[in-house]
Visitor: 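Just passing along the structure, written as C-alpha cells.
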Amino acid sequence: MAAESGKGAGRASGGYAGLLGGLKDFAQQAKENTSELAQQAQSRVQSWQAGKKMLDEGGPEMEAKLLAKKTANDAVNLDKGIVAKLSDDAQVYADAAQKMKVAGDDDNSALAQAYEARAQALISALELLTPVPSAPEITTMENDAIQILLAKGKYRWVASKTQEGFNTLKVTTKSSESAPAPT
C-alpha cells in the first residue's frame with residue numbers, strides 16, 4: 001500500500017503520462033492551426049497582390065470600372081435598406097392606425113385616419129421601388145483592388161452611422177468636396 005501512495009504512484013495510470021499526452025495533442029493541434037492560418041494569410045496576400053496588379057496594369061480604366069462596381073453595389077445595398085425600412089414603417093403606421101381606432105376618441109380617430117393614409121402612401125411608394133435592382137458581382141481580387149482604392153481616398157461616398165442610427169452619405173475625396181452632394 002505504501003508503494004501505491006509514493007512519488008511514482010499514478011504515472012502509469014494517467015498522472016504525468018496523461019498530462020504529457022494531452023500537451024502533445026494540444027501542441028499538434030496548435031501546429032495544425034498555425035499551418036492553416038499561415039495558408040490563409042498567404043492566400044490573402046496573393047489575392048491582395050493580384051488586386052494591386054489589376055490596378056497597376058489596368059490603369060485609370062480599371063479604377064473607373066472598379067469604382068463603378070463599388071458605387072453600384074453601395075447604391076443597391078442602400079436601396080435595399082431603404083425599401084426594408086419603408087416596408088417596416090408602413091406596417092407600423094397600419095398597426096398604429098388600428099390601435100388608435102380601438103382607443104376610440106376624436107383625437108385618436110383623426111390620427112388613425114392620418115396613419116392609414118400614410119401607410120397607404122408608403123405601400124404605393126414601395127410598389128414603385130420594388131424590386132430593387134441587382135448589384136454587380138465583385139470578385140475577391142476586385143474587392144481587394146477596391147480596398148486599395150478606398151485606402152487611397154479614391155471613392156466618393158462613405159456611409160456612416162449617426163448617433164440616431166441613420167445612414168448618412170458623405171462626400172469624401174478632395175476633388176469632390178467642392179461639388180454638391182446629389183439629392
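Everything numeric in this text was worked out from a predicted model, so none of it was measured.
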Visitor: Does any part of the side chain of M62, heavy atoms only, come nearer than 4.5 Å to the side chain of E57, both counted from C-beta?
Guide: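 No. Closest side-chain heavy atoms not under 4.5 Å.
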Visitor: Check step by step if side chain to side chain donor-acceptor pair (under 3.5 Å) holds for D25 and Q29.
Guide: CA-CA 6 Å; D25 291 343; Q29 185 64 42; over 6 Å; no
Visitor: Going by atom type alone, with no hydrogens or angles, which donor-acceptor pairs under 3.5 Å involve a side-chain atom of residues 110-135 and a protein atom two or more places apart or on another chain?
Guide:
{"unit_1": "E116", "atom_1": "OE2", "unit_2": "K101", "atom_2": "NZ", "d": "2.2"}
{"unit_1": "S124", "atom_1": "OG", "unit_2": "Q120", "atom_2": "O", "d": "3.1"}
{"unit_1": "T130", "atom_1": "OG1", "unit_2": "L126", "atom_2": "O", "d": "2.7"}

Visitor: Rounded to the nearest 0.5 Å, how far apart are CG of N33 and CD of Q40?
Guide: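 Output value for this atom pair is 9.5 Å.
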Visitor: How about E32: does its CD atom have over 12 heavy atoms from other parts shown lying under 6.0 Å from it?
Guide: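 Yes, CD of E32 has more than 12 neighbouring heavy atoms, counting only those of other groups under 6.0 Å.
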Visitor: For residues 71-83, dump all side-chain donor-acceptor pairs below 3.5 Å to protein atoms at least two apart in sequence or in another chain.
Guide:
{"unit_1": "T71", "atom_1": "OG1", "unit_2": "L67", "atom_2": "O", "d": "2.7"}
{"unit_1": "N73", "atom_1": "OD1", "unit_2": "N77", "atom_2": "ND2", "d": "2.8"}
{"unit_1": "D74", "atom_1": "OD1", "unit_2": "K70", "atom_2": "NZ", "d": "3.2"}
{"unit_1": "D74", "atom_1": "OD2", "unit_2": "K70", "atom_2": "NZ", "d": "3.2"}
{"unit_1": "D74", "atom_1": "OD2", "unit_2": "Y155", "atom_2": "OH", "d": "2.5"}
{"unit_1": "N77", "atom_1": "ND2", "unit_2": "N73", "atom_2": "O", "d": "3.3"}

Visitor: Could you tabulate the donor-acceptor pairs under 3.5 Å formed by side-chain atoms of residues 141-152, not counting sequence neighbours?
Guide:
{"unit_1": "E142", "atom_1": "OE1", "unit_2": "K69", "atom_2": "NZ", "d": "3.0"}
{"unit_1": "E142", "atom_1": "OE1", "unit_2": "T139", "atom_2": "N", "d": "2.9"}
{"unit_1": "E142", "atom_1": "OE1", "unit_2": "T139", "atom_2": "OG1", "d": "3.4"}
{"unit_1": "E142", "atom_1": "OE2", "unit_2": "K69", "atom_2": "NZ", "d": "2.9"}
{"unit_1": "D144", "atom_1": "OD1", "unit_2": "R44", "atom_2": "NH2", "d": "2.6"}
{"unit_1": "D144", "atom_1": "OD2", "unit_2": "R44", "atom_2": "NH1", "d": "3.2"}
{"unit_1": "D144", "atom_1": "OD2", "unit_2": "S47", "atom_2": "OG", "d": "2.4"}
{"unit_1": "D144", "atom_1": "OD2", "unit_2": "W48", "atom_2": "N", "d": "3.3"}

Visitor: Measuring only between side-chain heavy atoms, which start at C-beta, is L66 closer than 4.5 Å to M54?
Guide: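 They are in contact (side-chain heavy atoms under 4.5 Å apart), so the answer is yes.
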Visitor: For the pair D89 and K85, evaluate salt bridge (charged side-chain N to carboxylate O under 4.0 Å, His left out) and give the outcome as yes or no after the intermediate values.
Guide: CA-CA 6 Å; D89 200 24; K85 287 180 182 188; over 6 Å; no
